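Whatever order the structure lists ligands and atoms in, that order sets their numbers, starting from 1. Predicted model, so just to flag it, every value in this text is computed and none were measured.
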Amino acid sequence: MKSLLQTIQSSEEGHVAVGHFNIANLEMLKAITEISAELELSVIIGVSEGEREYVGVRQSVDLIKSYNEEYADRDGVRFFLNADHTHSLEKVEEAARAGFDAVLFDGGKLPFDENIFQTKRAVEIAKSANPDVLVEGELGYIGGSSKLLDEIPEGAEIKDDDLTTPEEAAQFIKETGVDMLAPAVGNLHGMFKNAPNPRLNIQRIRDIKKAVLMPLVLHGGSGIADEDFQEGIKAGISIVHISTEIRRAWREGFDKALGENKEEIAPYKLTPAALGAIKGVVRNRLKLFNNLL
Ligand SMILES: [Zn+2]
């Protein structure tokens, strides 16, 4: 079976991207794994600090292991586990030890030098806990949480000055030793309720890719225009994160089921609508990232 790094590399060769989907419960995990198997595409399952506090660190690892055993031989797909947005070195170590395939140390809000210092420590700690774990660094601030937004959060309007520069990116990866980089290229966590998200700066993605020659990760994929995804992947994005769209699908599916079945109390009779809505999101996004539309 291919490792995560090999999976990313073969996506790069095919000019496509690996989908990264966040989970907080079983509906999300079931929907993502089923669509991944249906399309025969390996995916990354992400759990942020908040999500793994709920699902459990060890439990996340065991769940993914179990789904891998279920699907890997039959469908040739693999599910990889990423400790998304990890803010402390203790939690980096915890995830690496527990058997995560990747860890994102999120120093995006820190001043540049402090981000380098802390991320370098995160790489050392993660690799000493598990030499095979991939470490991602974040450079440039791309907003806070995966939620529905009315407008760009105050003080978070995206200006060209806020985007990661190729020079900073090159220095950052050289000094920290990260395996993957999450740059700020016009993307933002969360998605707008009634409007598309801001446009990506495709030229900046191309310039950063040229400067670092390593996998680039696009966070805050929810709400980005299809065309921007396609151009962004061509320009050098290797992994795309989708979270808010899944959360919204879960909520809308559940609301519908609860509204239509007021007396029903069996959870598994209420979850199919949420599962179906999440599957729709994952199928569309994976097809788009893999030129299958
Ligand atoms: Zn993110």
Next item on the list: Taking only Lys NZ, Arg NE, NH1 and NH2, and the carboxylate oxygens of Asp or Glu, determine whether Arg251 and Asp255 approach each other closer than 4.0 Å.
Entry: yes
Next item on the list: Verify, without hydrogens or angle tests, whether Asn187 (side chain) and His219 (backbone) share a donor-acceptor contact under 3.5 angstrom.
Entry: yes
Note to self: I'd like to know if the side chain of Asn201 reaches the main chain of Arg204, judged simply by a donor and an acceptor atom lying under 3.5 Å from each other, with no hydrogens or angles considered.
What the structure shows: yes
Notebook entry, point to check: With a 4.0 Å cut-off, would you call Lys234 and Glu231 a salt bridge?
Noted result: yes
Check: How about the Zn ion (ligand 1), which protein N, O or S atoms come within less than 2.8 Å?
Finding: His85 NE2, His189 NE2, His219 ND1
Notebook entry, point to check: Mind checking what makes side chain to side chain contact (heavy atoms under 4.5 Å, CB included) contact with Asn25, not counting sequence neighbours?
Noted result: Glu27, Met28, Trp250
Check: Does Asn197 reach the main-chain N or O of Phe192 with its side chain, forming a donor-acceptor pair under 3.5 Å?
Finding: yes
